[in-house]
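Okay, so here's the structure we're looking at.
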Amino acid sequence: MARRALKLASWTSMALAASGFYLYSNKYLDLNDFGAVRVGRAVATVHLRSARRLCELCCANRGTFIKVGQHLGALDYLLPEEYTRTLKVLHSQAPQSSMQEVRQVIREDLGKEIHDLFMSFDDTPLGAASLAQVHKAVLHDGRTVAVKVQHPKVQAQSSKDILLMEVLVLAVKQLFPEFEFMWLVDEAKKNLPLELDFLNEGRNAEKVAQMLKHFDFLKVPQIYWELSTKRVLLMEFVDGGQVNDRDYMERNKIDVNEISRHLGKMYSEMIFVNGFVHCDPHPGNVLVRKCPGTGKAEIVLLDHGLYQVLTEEFRLDYCHLWQSLIWTDMKSVKKYSQRLGAGDLYPLFTCMLTARSWDSVNRGIGQTPVTATERKTDSKQVNKQDSEIRNNAANYLPQISHLLNLVPRQMLLIFKTNDLLRGIEVALGTRASASSFLNMSRCCIKALAAHKKKNTRSFFRRTQISFSEAFNLWQINLHELVLRVKGLRLASWVLALLCWLLPAPH
């Protein structure tokens with residue numbers, strides 16, 4: 001009986017194999033229709049369909065929903081590519097207000113018609129975002145300006161949006177008690193009124209321009225106060241390409257690595273030194289161009305409605321944390337993570353901050369070579385880590401939501417800023433370099449030294465602090481030089497030179 005069953009199974013297997021081979025050889029069968037390939041394609045299709053529906057939802061509801069969509073579109077290292085690619089259009093191609101609505105807002109706020117205020121006014125906006133859209137115009141005195149006009153219904157709609165978000169968050173909490181997202185509603189309640197006041201935005205623009213005036217690569221458009229109100233902002237017109245547009249940079253001979261370094265320096269100065277941080281650096285708000293006067297690459301910073309003011313205690317703890325991360329002082333990493341509210345979740349907290357795995361954090365995030373040759377190799381490791389983080393993020397959602405409730409409210413906008421800047425680095429292909437971490441370390445050293453000097457009156461002590469600061473900066477420069485030498489494979493060059501100078505005897 002057993003022999004007969006075995007014989008039957010053998011003939012059945014042979015018949016199935018022969019049928020399969022026949023179908024495959026005659027192209028009736030595609031192996032891609034089975035197994036992991038088919039599952040992968042199905043998942044990608046579901047992601048794309050869901051992303052499109054989410055984008056349509058954001059566009060239909062406008063305002064606050066578009067702001068959420070913009071943030072999701074910048075999370076390249078966390079969300080599936082189908083989501084980020086689809087939602088990126090919200091950065092500058094959000095739904096537009098009609099010209100009739102634009103004329104109405106200008107008439108109500110400035111008391112005059114468009115033709116009375118401007119020699120020319122482009123009907124087609126340069127870009128439309130969640131709360132406003134921007135038109136190019138020319139004043140009667142010949143100045144070319146950008147006119148930012150708030151969407152007419154966004155003021156009234158924003159409070160309803162926040163109420164709806166609050167209801168949805170409470171409903172989610174009832175269904176899934178481990179997910180706590182009330183912090184999202186609290187932040188929206190606090191920040192939206194500030195973003196809707198364009199006079200506040202103008203003041204922020206002037207403050208950051210003065211604060212970072214020593215950076216010759218930064219351009220903040222001048223504000224024209226005589227024609228600005230809470231819903232209309234008039235500013236200098238500055239043209240350029242989006243900061244994530246590599247093709248634009250290549251056409252205009254702009255070095256993407258230089259732009260990435262400048263962006264890192266600028267934000268490190270804001271966060272660690274000044275504690276006044278532009279918290280909406282999505283690609284539609286950061287332009288690049290060649291300066292007409294000098295021909296040098298410039299970063300143009302737009303949309304100054306959302307800034308985070310860091311307390312001194314938070315700023316200094318954050319400085320210490322990044323110093324510890326860069327120099328792989330894990331004892332201090334735990335200490336300052338916990339001081340910033342992370343508690344026992346400090347490993348997850350540092351992974352979220354750095355977008356690196358815990359193993360990578362333990363090895364040292366500042367140890368990567370900084371030359372282009374080594375960056376290509378290391379970028380593969382970074383991409384692998386990004387995939388791991390993206391794939392495993394769902395497993396840690398309860399812990400992430402709990403962590404976001406633990407940390408200070410200031411940290412939430414810092415997380416958002418980090419996400420957006422990281423998205424830009426991913427688009428430019430510059431994430432694998434350690435130079436950005438070393439620039440951050442320089443700013444941390446300067447900030448901590450300035451704080452110590454401010455709190456001492458002793459000339460000897462101030463001199464001692466200055467020498468210590470200079471020595472620490474020299475250490476960073478030396479460390480960067482070592483990484484560059486490692487990346488250039490200097491030893492290989494020397495060996496090749498010696499072989500050429502001293503050929504082997506025949």
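This structure is a prediction, so every number in the text was calculated from the model and none was measured.
- Looking at heavy atoms from C-beta onward, L117 lies in side-chain contact with L227 at the 4.5 angstrom threshold.
- With rounding to the nearest 0.5 Å, the separation of CE in M411 from CG in L310 is 8.5 Å.
- The 12-atom threshold is exceeded at NZ of K290, counting heavy atoms of other residues, nucleotides or ligands nearer than 6.0 Å.
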Checklist entry - Step by step, would you call V288 with M249 a side chain to side chain contact (heavy atoms under 4.5 Å, CB included)? => result CA-CA 8 Å; V288 292; M249 295 191 204; 3.9 Å; yes
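- A 4.5 Å side-chain heavy-atom check between L448 and C319 finds at least one atom pair inside the cut-off.
- Taking the ring centre of F217 as origin, the terminal cationic atom of K296 falls outside the region bounded by 6.0 Å and 45° from the ring axis.
- D303 and E201 get closest at one heavy-atom pair: CA-OE2, 3.5 Å.
- For the pair T86 (side chain) and A51 (backbone), a donor-acceptor distance under 3.5 Å is absent.
- In K112, the NZ atom is not crowded: 12 or fewer heavy atoms of neighbouring residues, nucleotides or ligands sit closer than 6.0 Å.
- Between K219 and E298 there is no salt bridge, since no side-chain nitrogen of the basic residue lies less than 4.0 Å from a carboxylate oxygen of the acidic one.
- Between D216 and L218 there is no side-chain heavy-atom pair separated by less than 4.5 Å.
- Not a single donor-acceptor pair under 3.5 Å links the side chain of H304 to the backbone N or O of N200.
- Here the closest heavy-atom approach between residue H135 and residue D123 is recorded as CE1-O, 3.1 Å.
- Contact between A447 and R315 at its shortest, heavy atoms only, is CB-NH1, 3.8 Å.
- Here the side chains of I223 and L234 are not in contact, with every heavy-atom distance at 4.5 Å or above.
- Within the 3.5 Å criterion, the main-chain N or O of C443 finds no donor-acceptor partner in the side chain of E269.
- Side-chain N or O atoms of E101 include one that pairs as donor or acceptor with a backbone N or O of S98 at under 3.5 Å.
- Within the 4.5 Å cutoff, side-chain heavy atoms of I445 are placed close to those of Q323.
- Checked for salt-bridge contact, K454 and E312 meet the test: a charged N lies under 4.0 Å from a carboxylate O.
- Remark: the backbone N or O of Q150 is not paired with any side-chain donor or acceptor of R231 at under 3.5 angstrom.
- Using a 3.5 Å distance cut-off with no hydrogens or angles, the side chains of R442 and N472 do not pair a donor with an acceptor.
- If you take CZ on F471 and CD1 on I476, they are separated by 11.0 Å, rounding to the nearest 0.5 Å.
- To the nearest 0.5 Å, atom NZ of residue K265 and atom CE of residue M440 are 14.5 Å apart.
- Side chain of D122 to main chain of T124: no donor-acceptor pair is present (N/O by atom type, distance under 3.5 Å, no hydrogens or angles).
- F121 and F118 have tilted rings, their planes meeting at an angle from 30° to 60° on a 0 to 90° scale.
- Between R261 atom CZ and M266 atom CE the span is 14.5 Å, to the nearest 0.5 Å.
- Checking side-chain atoms of N252 against main-chain N and O of Y248 turns up a donor-acceptor pair under 3.5 Å.
- Between K136 and T144 the shortest side-chain heavy-atom distance falls below 4.5 Å.
- By the 4.0 Å N-to-carboxylate-O rule, E226 lies close enough to R143 to be salt-bridged with it.
- The distance from atom CE of M211 to atom CE of M270, rounded to the nearest 0.5 Å, is 5.5 Å.
- S324 places a side-chain N or O within donor-acceptor distance of the main-chain N or O of H320, the cut-off being under 3.5 Å.
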Next on the checklist: Set out, in order, the CA-CA distance, both residues' side-chain angles and the distance that settles side chain to side chain contact (heavy atoms under 4.5 Å, CB included) for T328 and N362, then state yes or no.
Outcome noted: CA-CA 6 Å; T328 326; N362 275 283; 5.7 Å; no
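- The two atoms that bring L263 and I299 nearest to each other are N-CD1, 3.7 Å, heavy atoms only.
- You'll find the side chain of I271 stays beyond 4.5 Å of the side chain of W322, heavy atoms only.
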Item to check | side chain to side chain contact (heavy atoms under 4.5 Å, CB included) between V138 and F237, worked out | outcome: CA-CA 9 Å; V138 179; F237 175 77; over 6 Å; no
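- E236 contributes a side-chain N or O that, together with a main-chain N or O of Q222, makes up a donor-acceptor pair within less than 3.5 Å.
- Inspection of the S97 and K153 side chains reveals no N or O donor paired with an N or O acceptor under 3.5 Å.
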Item to check | Worked verdict on N274 versus L212 for side chain to side chain contact (heavy atoms under 4.5 Å, CB included) | outcome: CA-CA 10 Å; N274 297 289; L212 301 179; 4.1 Å; yes
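- Using modelled atom types and a 3.5 Å distance limit, the side chains of W225 and E206 yield a donor-acceptor pair.
- Side chains of R107 and Q104: no donor on one and acceptor on the other come within 3.5 Å.
- With rounding to the nearest 0.5 Å, the separation of SG in C59 from CD in Q96 is 11.0 Å.
- Using cut-offs of 30° and 60° for the angle between ring planes, the Y318 and F272 rings count as parallel.
- Using a cut-off of 4.0 Å between Lys/Arg side-chain N and Asp/Glu carboxylate O, K453 and E469 are scored as salt-bridged.
- The aromatic rings of F349 and F415 lie perpendicular to each other, with more than 60° between the two planes, well past the 30° mark.
- Side-chain contact check for D317 versus E313: some heavy-atom pair is nearer than 4.5 Å.
- Side-chain atoms of R457 do not come within 3.5 Å of backbone N or O of N455 as any donor-acceptor pair.
- Nearest heavy atoms, I465 versus A449: CG2-O, 3.7 Å.
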Next on the checklist: Using side chain to side chain donor-acceptor pair (under 3.5 Å), reason through R103 and Q100 one step at a time and then give a plain yes or no.
Outcome noted: CA-CA 5 Å; R103 289 192 185 95; Q100 182 181 353; over 6 Å; no
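- Of all non-hydrogen atoms in L287 and V238, the two that sit nearest each other are CD1-O, 4.1 Å.
- No more than 12 heavy atoms of other residues, nucleotides or ligands shown are found within 6.0 angstrom of CZ on R52.
- Applying the 6.0 Å contact sphere to CD of Q475 captures more than 12 heavy atoms from other residues, nucleotides or ligands.
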